[in-house]
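Data block below; observations after.
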Amino acid sequence: MRTPVPDYLQEVLDDCGASTDGAVADYIPELAAADPDRLAVAVASLEGPVHSAGDADVRFTIQSISKPFAYALALRDRGLDRVLESVGVEPSGDAFNEISLEPDTGRPRNPMINVGAIVTHSLVGDPGLTPDERDAATLEGLSAFAARPLEVDEAVFASEMETAHRNLALGHLVRGNGIVQEDPVRLVEGYTRQCSLAVDVRDLAVMAATLANGGVNPVSGEEVVAPWVARQTLSVMATCGMYDAAGDWFTSVGIPAKSGVAGGIIGALPGQVGLGVFSPRLDRFGNSARGVDICQRLSRDMGMHVMAAPATSATVIRRHEVVDGRTILELQGAIHYAAAEHVLRVMETIEPGSGPVLLDLSRVTDVNDVGGRMAEEGVRRLELDGHDVEVVTPEHLGRS
Ligand code: GLU
């Protein structure tokens, strides 16, 4: 059997491909030369395989999609407090290249607008790095997210620097305000090199899947960033990732995402998948027009909205019966707070002194920290009630 996923992806491209709405970005001369008809999609699972359709081998520059990954590297290298000191986490409601800082703190509002991304770039790597070393650290870090060595598209880099007047103004602004202490021109060059990395949709899907997977790259197996870094980055993507259309995007697609002016979009659905989409024509917000259509369609078809309510926690009880005086409680699926609370309510109904209890966890797939602690406390209290409790724990859970 051949998996139907690539056929499904091709069908989505066929359905969404006809539109010619929008226009290719032209403020960077080299981007204006892009073939507007290119169209590609890739979906990376958290177990490694990546499915794709369309122009999946065509490379384009990552542009603003580099911002969440540089943010993740800065968090990893400098810690949350240091990064928050220099860059906030509030949506700006302004254009991506707006010349604005938070009035009270003087910080850029968030790391997804250019001024915030320029400051964030300055925080990648150890504090003592030279600009060249920091460029290398950025390249290495983004390559670890992609599970392959990425390269700068030098033609796009040179073209963007020729017209980078606004970004240079932002660099001077944050240098003038003392938010960064270094040469602003070299800093903007470093940021622009970061934006000029060439990727394809499969790279984007794997990079997004690494965030969706709590920081572990599903292709290489490398822990690129810690789980808290991935969570912080996804949260900022959810609130600030899609330029001025962040609210519209989050309600209709419901996947933490980031887009770039070359026409790429990533989406990262925690615990499920990473998406990469490419189509160069942009809508009035600067997001890939057909890319947004494709993501809406995928989210709808595949039930990917993060705010969709998950299955009820009552399904955690697979079996509850009394056999020869022994209460058997067999659980299944994931044990998080709501599931564990349900189990505790079932345990509460077991009469004190009514005989032994068997808690069978063989079919439990996952236990988070609070779920595990609640279940352990339930067992302890059953024992205090005079029950002899036997717990069957499968090896993959590793809890006693
Ligand atoms: N390098 C581009 C810039 O700073 C990125 C913009 C984007 O993709 O939104 O203008």
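Model, not experiment: these values are computed from the prediction. Start at 1 and go down the list; that is how both ligands and their atoms are numbered.
The closest donor-acceptor contact from the side chain of Asp203 to the backbone of Ala146 lies at 3.5 Å or more, if one exists at all.
The pair Asp369-Arg373 counts as a salt bridge, with a side-chain nitrogen and a carboxylate oxygen less than 4.0 angstrom apart. Under the 4.0 Å criterion applied to side-chain N and carboxylate O atoms, Asp135 and Arg186 are assigned as salt-bridge partners. Electrostatic pairing of Arg363 and Glu330 counts as a salt bridge here, judged by a charged N lying under 4.0 Å from a carboxylate O.
Using a 4.5 Å heavy-atom threshold, the side chains of Pro356 and Thr327 count as separate.
The structure places CG of Asp21 at 9.5 Å from CG of Asp283, a figure rounded to the nearest 0.5 Å.
A distance limit of 4.0 angstrom between heavy atoms and ligand 1 selects the residues Tyr27, Gln63, Ser64, Phe96, Asn114, Glu160, Asn167, Tyr191, Cys195, Tyr243, Gly260, Val261.
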